[in-house]
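Comments concern the structure below.
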2 protein chains.
Amino acid sequence: MSPRPRKDERSINLQEAIKETAWQYIAKYGAPALSLRAIARALGITAPAIYNYYPDRDALVTALIIDAYTSFGDAQIAARDAFPEEDIIGRLHAIGHAYRRWALAHPQRYQLIFGTPVPGYVAPMKQVLPSAVRAFGVLVSVVEAARRAGTLRADSFPPIKPGYEAALEEWKRFSGDADVLSLSVALLIWARVHGMVSLEIAGSLPPFGAGVDALYEYEITSIERQFFREGES
Amino acid sequence: MSPRPRKDERSINLQEAIKETAWQYIAKYGAPALSLRAIARALGITAPAIYNYYPDRDALVTALIIDAYTSFGDAQIAARDAFPEEDIIGRLHAIGHAYRRWALAHPQRYQLIFGTPVPGYVAPMKQVLPSAVRAFGVLVSVVEAARRAGTLRADSFPPIKPGYEAALEEWKRFSGDADVLSLSVALLIWARVHGMVSLEIAGSLPPFGAGVDALYEYEITSIERQFFREGES
DNA sequence: AAGAAAAACAAACGCTGTATATTTACACCG
DNA sequence: CGGTGTAAATATACAGCGTTTGTTTTTCTT
């Protein structure tokens, strides 16, 4: 009846060790090649033993995705907080470049998050959403700060259909009770950045070489010019 | 010594039938779940028989991707040619919406093209590039037409590093010998459109409902306003 | 008719995720 | 201190996968 904690050291370590080994394999051979048996082999255990820590492969993938989102969010939070609260353009710039830098540094993680890396897998929103919202809430918070400061240039922004406030509760919690407008603008910015980064990671871009840097920088500043007024300093 | 054409009817039919069945399976269960054995089962043949038509699964996937690109390109060409050559904004608008319409109508094909749908698969550029270039050459051609007409607003566009002309030969063939500037602008537009569409298809967008339509329309017109001057009519 | 080549097949190999049943080892309680 | 319950790891097994190999059937050319 009473849940009996075992030695607890090895157990928890194994749970983490499984994820760690999984990351190594993903980094080496790509996310879709993830194999429970290979992980078990590397850890010196048998494949079914993993089922003591994750009910099935999808659960492991979910855990990996959450970890990836957390790392992704950390990177963006750090980038944002490197600039003072009032320097909205500075924060935006930093976030945009941190986004690409993280994605290029961990392309497999990025594809694990946004791609369809595993055959039958669909991410369970309930578990993933919090960490995802935390990561994208960073951008939302800065946009919202601009809106509050009156430097958000979004007069002609299309009115988004109402009636989905409930679904966005979680977003608001992590982004300082952002307005729906800020959320929409952030969404569009996110889409632009994701578009370029995902194409670059997938190798779908022509061999522009170092030119991609310039193109990305141009896109970031385009976004800033389109949506943000200079703050009165 | 002499290559002997067989009855040719059944053979070619089977080659096409394999692709057709593959599409049905992809539509039903998604691209990553593609299985040679399942295809063979549906066709009433054995799995190794497929190897007479495609050397391995990757070759089949490549053929499918090329077909998808062709269909994708057809849709964009049709959209463009529905407007007269001088109506550049009209053509851009049509292409943009045709892009999303095709992607939403064939999400699996879209992910097959841009995602990493099959475990160990990497698309062989040599075979895929022509059909890919044909599809994106449509946008490039319209941007180039604007440049020639003097309505392309890209003064502040970043200078892309030179030295990659050779790699872009193919692009030029399909886009009316487009200038490098047109190519770069088209690339940025493509990235923006792809960003929003890919997020929508992946289900990563919040449940904006019909609001996505408005958001997409806004993004399209934003692109037009940023990069294109009204033609003197 | 004879020979060559293409197409299909049957069987097998090694791999995968997963289910089941069994053994081992630890933690607690009387 | 010994018994007991539970968690963790195991061995075994199943069905499915892509692919290889060797063999047989079919079909066309000469």
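Within every chain, numbering begins at 1; the chains are lettered A, B, ... in the order of the sequence lines, protein sequences first and strands thereafter.
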field: Check: C:dA6 base within 3.5 Å donor-acceptor of B:N52 side chain
entry: no
query: Considering residues at least two apart in sequence or located in another chain, which fulfil the ring-ring contact (aromatic ring centres under 6.0 Å, His included) criterion with A:W190?
result: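 Residues passing ring-ring contact (aromatic ring centres under 6.0 Å, His included) with A:W190: A:F136.
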Once you round it to whole Å, what is the distance between [atom2] of [N] and [atom1] of [X]?
X     : N      : atom1 : atom2 : result
B:L14 : C:dA6  : CG    : C1'   : 13 Å
B:I45 : C:dA6  : CD1   : P     : 18 Å
B:I50 : D:dT20 : CD1   : P     : 14 Å
B:L43 : C:dA7  : CG    : P     : 15 Å
A:Y25 : C:dC15 : OH    : C1'   : 13 Å

For a quick test of your reading: what N or O donor-acceptor pairs under 3.5 Å do the side chains of residues 65-73 of chain B make, sequence neighbours left out?
| unit_1 | atom_1 | unit_2 | atom_2 | d |
| --- | --- | --- | --- | --- |
| B:D67 | OD1 | B:K19 | NZ | 3.4 |
| B:D67 | OD2 | B:K19 | NZ | 2.9 |
| B:T70 | OG1 | B:I66 | O | 2.8 |
| B:S71 | OG | B:W102 | NE1 | 2.9 |

query: Between the side chains of A:H106 and A:Q111, does any donor sit under 3.5 Å from an acceptor?
result: no
Base versus backbone protein contacts along nucleotides 14-19 of chain D [heavy-atom cut-off under 4.0 Å; B, S, -]: ---BBB
query: Looking at residues at least two apart in the chain, or sitting in another chain, which of them share a salt bridge (Lys or Arg N to Asp or Glu O under 4.0 Å) with B:R100?
result: B:E200, B:D213
- request: Can you sort out the partners of B:D56 under salt bridge (Lys or Arg N to Asp or Glu O under 4.0 Å), two or more places apart, ordered by chain and number?
  value: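 Checked B:D56 against salt bridge (Lys or Arg N to Asp or Glu O under 4.0 Å); zero matches.
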message: When you measure from the side-chain N and O atoms of A:T46 to the phosphate of D:dT10, is any distance below 4.0 Å, counting only OP1 and OP2?
response: yes
message: Going by ring-ring contact (aromatic ring centres under 6.0 Å, His included), name the pairs with one or both residues in residues 30-51 of chain B, residues two or more places apart or in two chains.
response: none
field: Nearest-nucleotide pick for A:Y53, side chain only, options being C:dA8, D:dT10, D:dA8
entry: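 That would be D:dA8.
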